[in-house]
Each structure stands twice: as C-alpha cells, then as structure tokens.
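Written below as structure tokens is the structure these notes are about.
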Amino acid sequence: MPTRLNLDLWYARMAPMDKVYDHKKIEDKIYGRWEEKGYFKPEVNPDGALYSIILPPPNANAPLHFGHAMYVIEDILIRYHRMLGDAALWLPGADHAGFETQFVFEKQLQSEGKSRFDYNRETLYQMIWEFVQKNRGGMEGQLRKLGFSLDWSRMKFTLDPDIIAIVYKTFKKMYDDQLAYRAERLVNYCTFDGTSFSDLEVIYEERKDPLYYIKYGPLTLATTRPETKFGDTALAVNPDDARYKKYVGEEIEIETVLAKARIKVIADEYVDPTFGTGVVKITPAHDFNDFEVGKRHDLPMKQVIGFDGKMNEHAGKFAGLYVKQARKAVVEEMQKKDLIEKIDENYIHRIALCYKCKNVIEPLPMEQWFVKMEPLAKEAIDAVRTGKIKIHPKTFEKLYFQFLENIRDWNISRQVVWGIRIPAWMCEKCANWTVTEGPTPENCSKCKSKDLVQDSDTFDTWFSSSQWPFATLMTTDYRLQPTAVDSRRSTISDFERFYPTTVMETGYDILRWWVARMIMVGLYVTGKQPFDNVVLHGLVNDPYGKKMSKSRGNVINPMELVDQYGADAVRFALVYGNALGNDQALSYSKLEAMRKFSNKLWNIGRFIEMNKVSGIKYQVLSIEDLKKIAKHGNDKIWIEKVEKWVGQISDYIDKYQFNLAAENLYENIWHGFADFYIEDVKSRIDEDSYLILTTLYIILLKLLHPFMPFITEELYQKITGECDSIMISSWPKHD
RNA sequence: GGAUCCCUAGCUCAGUUGGUAGAGCGCUUCGUUUACACCGAAGAUGUCAGAGGUUCGAGUCCUCUGGGAUCCACCA
C-alpha cells in the first residue's frame with residue numbers, strides 16, 4: 001500500500017514534463033518531503049565518517065539578507081559529504097542579537113508613544129521575547145526556501161535555558177581563573193540610548209569644530225573640549241620638547257573660570273609636539289588616551305559629566321547643563337576672563353558617533369566586566385600557526401594574527417535588558433562580588449551578608465556566540481542506530497561525537513568579532529579547537545558594487561530573487577564566477593543565465609524522458625557496467641569524460657573551490673554533454689546507448705545536486721522512477 | 001595614521017604550484033517546425049592599471065607609483 005507521499009510522487013512521475021522548467025511547481029513541495037523523511041539528520045549515515053558544520057546563527061528577529069544566502073557554501077559541503085556517506089550534521093540556530101533587537105523593539109514602542117522606561121526589567125524582557133517569537137519563523141522559513149539541509153530537530157536559540165547555563169558556567173570558570181575581572185574603564189557611552197558600545201559599534205564622522213587655544217597659567221594649550229577642563233588632573237608635554245622642559249614635574253598655578261587652581265605638568269611620549277602648542281590637558285575620566293596617560297602616571301580620575309549627558313557638581317555653576325550647552329557657556333565665560341588666546345574655527349577632526357542614533361559618543365568611566373585576552377589569544381594564535389586550524393583562503397590568516405597580536409581586554413558588559421544577565425551579585429555591605437553558575441547565591445562569599453544585588457548588565461551578544469560550537473553540541477544528542485549485537489537505541493551527546501566540528505563557514509567581515517573569539521573561548525573551555533577549518537566567503541554587494549545597507553536604501557531581499565529565478569539558480573549564481581573570499585556584485589544577468597541553465601538541465605531530462613516513453617527503461621548501472629556495454633566509440637569517450645569530471649568536481653569541492661566546480665559543471669553539462677553528446681546520440685539511440693546516456697546524466701545530476709538540490713531531485717526521481725531521494729544517494733565513484 | 005584586498009574583453013568576474021589569456025551577459029553573421037528560441041553553429045573584442053626588477057619565460061613572484069573598496073586605530 002503506497003503512502004500518500006509515494007502517491008504524490010507517482011503522480012508527479014507520470015505527469016508529462018513541461019517544455020519549460022518552472023521552479024515554482026517544484027521547489028516548495030520537495031523540501032517538506034526531505035524534512036519529513038528525516039534526511040537532514042546525520043543519523044541517515046549512522047556509520048559514516050563524522051562531518052559537521054554549525055550554522056552561524058542568524059538574528060532570530062530579522063529577515064535574511066544576502067550574507068545568509070552565502071551559507072549555500074555550507075549546504076554544498078554538507079550535501080556532498082552526506083552523499084559520500086558521512087554522518088553529516090548541519091546544526092541550525094538563531095541569535096538573540098542583544099542590542100540590535102532591543103533597538104528595533106524600542107523603535108516600535110516609540111511609534112506607539114511609549115518607551116522602555118515605562119516598563120520594569122522583567123516585563124520588558126518578556127515583551128521582547130514575545131516580539132522575537134513572533135518574527136522568528138520568518139528567518140527559518142527562508143532558510144528552508146533556499147534548500148538548506150539543516151537538521152531542524154537540533155535547532156538552538158542563544159537564549160535557550162540549557163545554552164544560558166553553559167554561558168554562566170563559562171563566565172564562572174573565567175572568574176575563578178581570574179580571567180574575568182571588574183574594572184573601571186572608559187566606555188563608549190551613548191547618553192541618548194543609555195548604554196555603552198564596543199569599539200566596533202562606534203562610527204566616526206569628520207566634522208569641523210572650533211579648536212580653542214586656552215591659557216593655563218604660563219602655558220597655552222589647544223582643545224576641542226573646554227567643558228571637560230573641570231576634570232583635568234594634569235597637563236602633559238612631550239619629554240623631548242625643549243620649550244617645556246622646565247615645567248615637567250612642577251605644579252603650576254592657573255586661573256580658571258571657577259577659581260585659581262594648581263595643576264601638575266607631566267611628560268609623556270603620547271604628546272605630539274607639533275600639534276597645537278605641544279601642551280595637552282589630561283582628563284582621564286573623559287578621554288581614552290588621557291585615561292591611558294592617567295594610568296601610566298597614576299593620575300586621579302575626576303568625572304565631570306554624568307550618564308545623563310549633563311555636567312555634574314564638579315562643574316560648579318555649569319552643573320546641570322548638557323555638554324554642548326556647557327561648552328558654549330564655558331567658552332563665553334573664558335572669553336570674558338580673557339583666558340582664550342585664539343580660536344581656530346576650521347579645525348577638522350573625527351568624532352565618535354553612536355552607530356544607532358548618530359548622537360555623539362561620550363567616553364565615560366564605568367565599572368564593567370572584562371575578560372583578560374592575552375592568554376586566550378596566545379593559544380588561538382598557536383592553533384592556526386601550527387595548522388590545527390586552517391583558514392581558507394589562507395590570506396585571511398594575516399588579519400587574524402594582526403587582530404590577536406594587538407588584542408585588548410574584552411568588555412563583556414552591556415547595559416541592555418535583552419540578553420543573558422550576568423550571574424554576579426554585589427554585596428551591599430562589603431562590595432565584594434559573588435559569581436555563580438546561575439542560581440542566586442544565599443549570601444556574600446566574603447562577609448556572608450544577605451544583602452546582595454545582581455549586576456543589572458547582560459553579556460555582550462558575542463560572549464554567548466563565542467561559545468556557540470560547543471554549547472550547541474553539548475545540549476543536543478546523537479541517536480545511535482540499533483546494531484545487530486545491540487538492538488537497543490541509545491544516545492550520546494553530539495559534543496562527544498562531533499566536536500571539534502569540521503568547518504566553520506562565515507563572512508570574512510566577522511573573522512575577528514566572532515571566529516577569533518570562538519577559537520579563543522572554545523580552546524579555553526574545552527581544551528580543543530572548536531573547528532578544524534575556517535572557510536570565509538566575501539560580501540554580496542548591490543549591482544553597482546556598493547555595500548548593501550539600510551541607510552543607502554539599496555538592500556535587495558534574497559527571497560524575491562528566489563521567487564523570480566528559483567532557489568537553485570540563486571544558489572548557483574552565488575558561487576559561479578566568484579572565488580572564495582572575494583566580494584561580488586549581485587548580477588541579474590548571471591541570475592538569468594543560471595535560470596536558463598536550470599532550464600537546459602530540465603530539457604536534457606525531458607529528452608531522456610521522452611525516449612523512455614518510447615519503451616526503453618532505465619536501470620541502475622555503474623560506470624564499470626557502462627564500460628562493458630559500450631560499443632560505440634563516442635559512448636566510450638563520454639563515459640571516460642564523465643568519469644574524469646567526477647574526480648575534478650570532487651577535488652574542487654574538497655579544496656573549497658566552489659566557483660571552479662560550478663563553472664566546470666555548467667560548461668561540461670551544457671557545452672559538452674548537451675551540445676555534443678546528446679546531438680551525437682540522438683541519431684543513433686538504441687537500448688545500450690540510452691542506458692549509457694541516462695546513467696551518465698544521473699551521475700551529472702548527482703554532481704550538481706549539492707549546488708542545485710531541488711531540480712536535481714525532481715529530475716532524479718522522474719528519470720529513475722525511484723522514490724528514494726538523490727540527496728541520500730551515493731556520490732559517484734572516482735579515483 | 002596602520003593594515004588587507006582589488007584594478008584582466010563594453011559590463012560582472014574566473015584564471016590551481018610562473019609556460020605567450022577564459023566564462024557569463026552584451027555584440028556580429030548564419031541556422032533550426034520534433035529536449036530546449038530560456039536553442040544551435042561560427043565570429044570579433046584585451047600593452048592582464050602604470051613603471052621597474054627576478055627569470056629562458058610573469059596576469060601569476062618582488063619593489064615603487066596611481067585608482068578603488070574594506071577593516072583597524074584614532075591625536076588633544
């Protein structure tokens with residue numbers, strides 16, 4: 001009794017083939033069938049070699065962009081290895097994308113006339129959770145549309161409780177090992193969004209601002225920020241600057257807008273004697289360089305700007321003014337007191353802006369959690385140097401080393417709600433921090449007081465992402481098939497089986513943000529590298545070669561192209577003619593060409609199908625079988641050609657040369673197999689030549705399947721009359 | 001300021017370890033009622049950014065110059 005599924009197939013097989021290939025009739029129905037049959041699970045090849053890729057988790061809350069479509073490379077690898085008989089795991093996931101998501105959510109609140117300050121922490125978190133759950137299916141459906149053979153039964157979310165538990169554990173371990181520590185550091189603080197940003201999240205803009213030459217007693221210095229003068233704790237000059245040698249180490253008396261004061265003069269290499277007057281005021285609490293200078297010279301920190309963006313009590317009568325207002329007021333006052341020598345109105349410099357709201361970033365001192373990076377970076381450098389991890393293309397190793405060799409400690413605290421809350425509690429009695437693996441501690445680990453307050457911050461999203469390869473595998477299981485000797489089914493963790501994973505494939509733009517951090521944290525927590533190979537693809541730009549971005553308004557939705565050209569054509573176009581790691585401009589003519597290629601492929605199938613109807617039937621044969629039955633010289637030649645192609649294509653995929661594989665498939669199938677072989681066979685077709693033609697075609701479909709999964713599946717089933725899927729058929733043999 | 005990548009046919013891009021240039025689209029001419037006009041055959045098109053060097057030989061390796069892109073650091 002055929003199942004409903006098989007009946008569908010049977011009808012499909014009996015239907016005459018359309019003259020023109022219509023992807024819309026084919027693609028949607030096929031994916032569901034694969035999924036239903038469980039073909040995406042590594043368990044389809046329980047005894048195969050282990051091969052695994054963890055999908056870089058897309059933002060759960062946002063639709064896919066073209067960068068995600070490039071994950072087709074992972075699907076090619078996974079489908080290829082699955083057909084080779086490997087137990088191939090491709091594990092999907094979704095990222096909570098901390099600040100990004102909270103920002104989008106707050107925009108929506110804003111449009112409803114509300115703000116995050118109208119809700120308490122728990123309510124806000126719950127609201128964002130529901131917001132994300134509502135949008136989450138969109139991204140997953142799009143991955144399906146692209147034909148990605150992900151094992152959905154192992155889907156993970158970065159905020160799943162079992163993932164969070166692992167993140168806590170890692171943090172606790174870092175704390176116990178004194179890698180995670182608390183320190184006051186200047187952060188890029190946006191007083192508008194009320195949060196700090198990593199250096200990577202700050203954008204810079206060139207602006208023309210006044211440069212004020214201010215008198216400090218006997219000295220004059222140039223500054224763009226006179227309002228921070230209340231926080232000055234020293235003046236600095238270059239140690240080799242003869243003009244100022246006599247002042248170094250002295251305290252000088254200065255007139256200020258508030259009162260007379262004394263300030264000391266120090267010498268530091270950081271000062272450029274050719275800029276301005278060669279004298280710099282040092283404000284450790286409000287400037288990154290000054291902070292460093294302050295640490296070197298043990299200067300006090302004096303914060304004069306608050307987190308609300310207003311001057312605080314140290315600014316005397318200027319307290320309460322916003323920075324911009326204060327600057328104006330201070331300058332006016334100084335002019336009155338004749339403390340300004342001159343103003344250069346045409347000074348051009350770069351200022352830091354919030355990448356979300358474009359407001360000026362204020363460097364402010366804050367207590368934060370940091371991770372000490374040098375020891376972790378050292379191991380990560382070694383892992384690549386010694387070849388334990390290989391980066392493809394190799395040229396990206398330079399970027400990797402450059403980043404790790406100059407690494408700074410990692411600030412992992414974020415002042416957002418949408419994320420994993422840091423499991424650290426401060427004692428209100430003794431100010432000691434108690435860190436746990438999640439649960440609220442009973443009392444302070446030092447003074448045993450019960451007055452504990454949890455840090456309100458959450459982890460930087462990249463902190464949880466850096467643990468993704470092992471965290472996902474530790475929380476999923478591999479189902480072992482019953483064997484002859486042991487009929488019971490059993491499970492072991494995916495971690496035991498698949499870690500380290502085989503390949504991490506992602507865009508080169510997040511090599512340092514993510515890949516390097518995964519290597520460091522993976523090595524630290526598990527003692528093993530998280531993956532053996534890093535494969536990096538380039539960016540997909542708009543048709544004019546410009547980076548797609550919302551602000552430019554040139555973002556193209558990959559799903560629209562899938563509708564228009566078919567997922568197979570989009571997939572093929574993304575790898576064809578684009579060497580790994582290079583950027584590409586989206587090309588409509590290429591997409592069109594690849595759509596025509598799928599039509600060509602379809603019509604080869606149609607030709608074969610029409611000859612089957614005339615009475616000749618397909619049977620499963622190997623290349624060796626074909627060699628035995630081949631009598632005609634041309635048949636023999638084409639059998640050998642196809643055999644050679646199998647080796648070539650396999651080789652290209654093994655070397656991550658997907659473009660060459662795709663180009664060769666295109667060229668060989670169209671301008672070899674179709675233009676010459678079919679034209680030749682056409683006039684002399686008999687049972688043997690039909691078998692040879694058909695078998696070679698099936699082999700070509702298999703070679704093409706990792707690239708164009710849908711159409712090859714449809715044709716495979718039509719031609720062979722099999723209900724089995726091409727995706728679990730075996731890769732053709734070659735030397 | 002530091003770094004990386006790119007500059008190859010009109011356009012978008014390939015070109016494996018150095019052996020006198022390739023694809024797609026476009027262009028020209030011709031052909032085809034039966035696998036496909038979303039087709040086939042034939043053809044034109046390049047001082048491989050520029051200059052120097054290494055080599056018997058360089059698009060490919062080295063140096064410099066010019067142009068573009070990206071990343072990092074950010075100078076009061």
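In what follows, chains carry the letters A, B, and so on, assigned in the order in which the sequence lines appear, proteins first and then strands, with residues in each chain numbered from 1. Values below: all heavy atoms of this structure, side chains included; hydrogens, waters and symmetry mates excluded.
Both A:L211 and A:E592 lie near RNA chain B, and the one whose nearest nucleotide falls closer to the 5' end is A:E592.
The side chain of A:D272 approaches B:C75 more closely than any other nucleotide in the set B:C36, B:C75, B:C72. Side chain of A:I604, nearest nucleotide from B:C36, B:A35, B:A14: B:A35. Distances from the side chain of A:L660 to the nucleotides B:C72, B:A23, B:A14 place B:A14 closest. Side-chain proximity of A:N603 to B:U70, B:G24, B:A35: nearest is B:A35. In this structure, the nucleotide among B:C38, B:C5, B:G24 sitting nearest to the side chain of A:H671 is B:G24. Side-chain proximity of A:K547 to B:A35, B:U70, B:A3: nearest is B:U70. Closest to the side chain of A:W513, from the set B:C5, B:C72, B:U12, is B:C72. With B:U12, B:C39, B:A35 as the choices, the nucleotide that has an atom nearest any side-chain atom of A:A585 turns out to be B:U12.
A:K682 comes within 4.0 angstrom of a base, heavy atoms only. Here A:Y21 lies out of heavy-atom contact (under 4.0 Å) with every strand. Using a 4.0 Å heavy-atom cutoff across all strands shown, A:K600 reaches at least one base atom of the nucleic acid. At the heavy-atom level, A:E679 lies under 4.0 Å from base atoms of the strands shown. Note on A:I678: a base of the nucleic acid sits closer than 4.0 angstrom, heavy atoms only. A:H286 comes within contact range of no nucleotide atom at all, as no heavy-atom separation falls under 4.0 Å. Residue A:A236 is out of contact with every strand shown, counting any heavy-atom pair closer than 4.0 Å. Across all strands shown, A:F597 has no heavy atoms under 4.0 Å from either base or sugar-phosphate atoms. Contacts of A:A579 with the nucleic acid, taken as non-hydrogen atoms under 4.0 Å apart, involve only primed sugar atoms and P, OP1 or OP2. Contacts of A:T283 with the nucleic acid, taken as non-hydrogen atoms under 4.0 Å apart, are absent. Using a 4.0 Å heavy-atom cutoff across all strands shown, A:D675 reaches sugar-phosphate atoms only and no base atom. Heavy atoms of A:N599 sit under 4.0 angstrom from at least one base atom. Using a 4.0 Å heavy-atom criterion, one finds that A:N582 contacts the sugar-phosphate atoms exclusively.
Closest approach of A:K302 to A:A285, counting heavy atoms only: O-CB, 3.4 Å.
The C1' atoms of B:G2 and B:G19 are separated by 38 Å, rounded to the nearest whole Å. Here the separation of B:U70 from B:C62, taken at their P atoms, is 25 Å to the nearest Å. B:C7 sits 15 Å from B:G15 when the C1' atoms are compared, rounded to a whole Å.
Remark: A:K245 does not engage A:D241 in a salt bridge, criterion side-chain N to carboxylate O under 4.0 Å.
In this model, no donor atom of one side chain and acceptor atom of the other lie less than 3.5 Å apart for A:N554 and A:Y544. There is no side-chain donor-acceptor pair under 3.5 Å between A:H23 and A:D568. Side-chain contact annotation: A:D344 with A:Y212, donor-acceptor N/O pair under 3.5 Å absent.
Remark: the A:R606 side chain and the B:C36 base include no donor-acceptor N/O pair separated by less than 3.5 Å. For A:K398 against B:A3, no side-chain N or O and base N or O form a donor-acceptor pair under 3.5 Å.
Judged by distance alone, with hydrogens and angles left aside, the side-chain atoms of A:Q303 form a donor-acceptor pair with the main-chain N or O of A:I305 at under 3.5 Å. Between the side chain of A:D409 and the backbone N or O of A:M373 there is at least one donor-acceptor pair closer than 3.5 Å.
With sequence neighbours excluded, no residue forms a side chain to side chain donor-acceptor pair (under 3.5 Å) with A:T395.
Aromatic ring centres of A:Y652 and A:F658: separated by at least 6.0 Å.
Distance CD1 (A:I351) to P (B:C75): 11 Å, rounded to an integer number of Å. Atoms CG (A:N406) and C1' (B:C71) sit 13 Å apart, rounded to a whole Å.
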> In dot-bracket, 5' to 3', how would RNA chain B read with Watson-Crick or G-U wobble pairs under 3.5 Å, [ ] for crossing ones and | for pairs to another strand?
Replying inline: (((((((..((((.....[..)))).((((((....).))))).....(((((..]....))))))))))))....
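For A:R408, a side-chain nitrogen or oxygen approaches OP1 or OP2 of B:C74 to under 4.0 Å. OP1 or OP2 of B:C75 has at least one side-chain nitrogen or oxygen of A:N289 nearer than 4.0 Å.
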